[in-house]
Each structure stands twice: as structure tokens, then as C-alpha cells.
Amino acid sequence: MELLKTDGVSKVFGGLKAVSNFDIEINEGELIGLIGPNGAGKTTAFNLLTGVYQPTTGTIDFAGKSLVGLKPYQITSRGIARTFQNIRLFSELTVLDNVKIAYDSHAKYSLVESVLRLGRYFKEEDEITKKSLELLKIFKLEDKAYEVAKNLPYGAQRRLEIARALATKPKLLLLDEPAAGMNPQETQELMEMIRWIRKEFGLSILLIEHDMSLVMGICERIYVLEYGCIIASGTPEEIQKNPEVIKAYLGGEV
Ligand SMILES: Nc1ncnc2c1ncn2[C@@H]1O[C@H](COP(=O)(O)OP(=O)(O)OP(=O)(O)O)[C@@H](O)[C@H]1O
């Protein structure tokens, strides 16, 4: 079933058309890649899907409802979570608190109950801590739960960002270059983890990635952006053979 559909989406900054006719569709449970040369508009596309930017033109529908005009936190509660190209954690907080904060967006206790520290607050806090530790375990971070986030090695910070995104209970997870800065072994482990969480959490995933072995290895379909436009879409095999894509990456004629 269709989860996300964009139609005629564009974003203009001053005179620059960063994205134009960004038309994509993602079905429930699909793992999709978004690739393209530097500056092609990939991160701008993520910012449009998550309400950081509003589109200049076009429609963005998610689970049958429009996302246009919504703020990022409203889009998170509709079920879209993301990670960032430059990791964004609460660097001074512990690993556990980074995940708990994301779970808190779903907490049911009221402000009064939390200020007065009433029963429901404690019960839910315990539950949130338990669930956060379970998530950290999946990402092999449970023994680092009480460390300050900024002290984690780079690869672990990237995993923590994904864990935190999952704590918001998304239907669609957007990963912006999750393998950036990872060594080949970490990248391999990440690939397996992405496959596993998609299945385990019943998610759809849209992935921006420069590491072609990762994209081609795990994505079912791939969209290719060049100068803000989708120039190709298809299976990894189709994309690798597509002359437009080869030209965009290698430059010149093929
Ligand atoms: N806030 C902004 N104001 C003006 N121009 C912007 C803004 N954000 C992005 N751009 C421009 O839009 C174009 C697309 O940038 P974007 O960061 O989306 O590309 P990208 O495909 O994510 O690149 P990379 O792979 O290098 O991260 C670039 O020319 C960039 O300079």
C-alpha cells in the first residue's frame, strides 16, 4: 500500500531551483535509495519531507493526508523520522536520555502529573526507560547507556541517531548518509542492521547514501537526482545500466 507520494514538488532558494518536479512514491515496507551527485538536492528533498522547508510548489501526501504546511514536530507525530548528514544528538546528555527524550513525545502523562510527580508519571517513566534500553540493546549501545553522547565513537553516534529516530515510532524512516565516516566493516554491519530494523519494525526506509555498495546491496528501488530533478528510477540493476545515471556520475557522454 502507498505510504508517501509527492507530486510536482519544487523548492526555490532565491534564484536557485534546488529541487524541481520531485515525484516519488514509497509503499509500505519498501527500502528505497535516493542517490545523486553532490549538490543534487537530496538533503533539500529530506528537508521538504520533514517540514524543515515548505515546498515552493507541489503536494506531499503521507498515509493519505497532506503534509504541506505542517511543522517538523507535527510530521514526526504523523510518523516520519530522520537522521542527519551531520549527526545531531544532544551531545551533553547520556546515550539513554537521548533515546528517552524521543520516547517522551509519545508519553501520555500530563504536565501537571510530571511536575507533581504523580503515579502515572513514574509508571510511564519506568516503561520509557525499559523500552529505551531495549532499543539501545538492538544497536549494541546498552553498555554505553550512561555515557555522555559526545564521548561515543563516531560509528556508535550514528547508530544512536537511528535508535533515537526509531523511538518516535515512525512508519517511514529517512536516513541521510548513515554510512558516512564508517569503515567497511561498520558499513557492512549497518547494512544488516538497516535490513533487520525494516523487517522488525515494519518500516519503510528512504536512504540517501554515497556508498554505492550499500545502496545497491539493500535497496529494492532507487531514485536518482541530478540538478534537483529525478532523472531515473528503478531496481539497482536498472539504475546501474541507465545511461543518464552513468552520465550524471561520470560526466560527459556515454
Ligand atoms: N537553505 C538554502 N539556501 C540556499 N541554497 C540552498 C539551501 N539549501 C540547499 N541549497 C542549495 O540547493 C542545492 C542542493 O543542495 P543539497 O544540500 O540539497 O544537495 P545534496 O544532494 O544533499 O548534496 P550533498 O550530497 O553534497 O549533501 C545546492 O546548490 C545548495 O547549495
Side-chain angles (χ1 to χ4, degrees), residues 4 6-26 31-60 62 67-73 75-76 80-89 154-155 157-158 161-162 165 172-184 186-187 190-191 194 204-219 221-234 236 239-240 242 244-252:
L4 178 84
T6 64
D7 193 12
V9 169
S10 71
K11 181 68 189 172
V12 178
F13 295 112
L16 175 88
K17 228 177 193 187
V19 167
S20 54
N21 290 325
F22 178 72
D23 295 350
I24 65 165
E25 283 178 36
I26 300 179
L31 210 170
I32 307 290
L34 179 61
I35 65 171
N38 287 336
K42 304 179 294 296
T43 299
T44 303
F46 268 25
N47 285 334
L48 288 165
L49 296 177
T50 52
V52 175
Y53 299 145
Q54 289 301 322
T56 308
T57 63
T59 59
I60 304 173
F62 180 70
L67 296 183
V68 175
L70 298 187
K71 301 255 179 333
Y73 75 90
I75 292 181
T76 306
I80 300 183
R82 76 180 289 185
T83 64
F84 293 86
Q85 199 173 338
N86 308 312
I87 300 173
R88 291 192 198 171
L89 293 167
Y154 190 74
Q157 290 195 21
R158 285 228 165 261
E161 241 205 336
I162 300 177
L172 173 64
L173 178 62
L174 308 180
L175 299 174
D176 196 345
E177 293 195 44
M182 287 189 172
N183 64 37
E186 284 175 323
T187 303
L190 178 78
M191 266 172 79
I194 291 172
S204 305
I205 297 179
L206 178 62
L207 177 95
I208 296 177
E209 187 50 66
H210 285 290
D211 185 323
M212 285 302 138
S213 65
L214 191 150
V215 177
M216 299 295 167
I218 62 173
C219 294
R221 281 192 300 123
I222 295 170
Y223 287 100
V224 187
L225 262 182
E226 191 195 18
Y227 299 118
C229 297
I230 301 279
I231 58 162
S233 70
I239 291 299
Q240 284 174 72
N242 185 307
E244 286 291 314
V245 178
I246 298 168
K247 196 169 129 193
Y249 272 92
L250 301 178

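Start at 1 and go down the list; that is how both ligands and their atoms are numbered. Note that the structure is predicted; figures quoted are calculated from it, not measured.
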Within a 6.0 Å radius of atom CZ on F84, are there more than 12 heavy atoms belonging to other residues, nucleotides or ligands? yes
Name the option, out of T43, L48, D176, V52, that contains the heavy atom nearest to atom 22 (O) of ligand 1. T43
Contact region, V19 to ligand 1, non-hydrogen atoms below 4.0 Å, reads neither
If only side-chain N and O atoms count, and only distance matters, is there a donor-acceptor pair under 3.5 Å linking T57 with S10? yes
Nearest non-hydrogen protein atom to atom 31 (O) of ligand 1, with distance, is L16 CD2, 4.6 Å
Can you report which non-hydrogen protein atom sits closest to atom 12 (O) of ligand 1, along with the distance? A18 CB, 3.3 Å
With sequence neighbours left out, which residue pairs that include part of residues 37-59 fulfil the ring-ring contact (aromatic ring centres under 6.0 Å, His included) condition? F13-Y53
Looking only at protein heavy atoms, which one is nearest to atom 7 (C) of ligand 1, and how far off is it? F13 CE1, 3.4 Å
Please name all residues satisfying side chain to side chain donor-acceptor pair (under 3.5 Å) with R82, sequence neighbours left out, ordered by chain then number. N47, T50
For Q85, the ligand 1 atoms whose distance to one of its heavy atoms is below 4.0 Å: 27 (O)
May I ask whether H210 has any heavy atom positioned less than 4.0 angstrom from an atom of ligand 1? yes
Any heavy atom of F46 closer to ligand 1 than 4.0 angstrom? no
Nearest protein heavy atom with distance in Å, relative to atom 16 (P) of ligand 1: T44 OG1, 3.6 Å
Close side-chain approach of H210 to N38, heavy-atom, < 4.5 Å: yes
Ranked by distance from atom 19 (O) of ligand 1, the top protein heavy atom is G41 N, 3.1 Å
Stepwise side-chain contact (heavy atoms from CB on, under 4.5 Å) check, I24 with L4: CA-CA 8 Å; I24 65 165; L4 178 84; 3.9 Å; yes
Residue and atom name of the nearest protein heavy atom (relative to atom 28 (C) of ligand 1), distance in Å to one decimal: G39 O, 3.9 Å
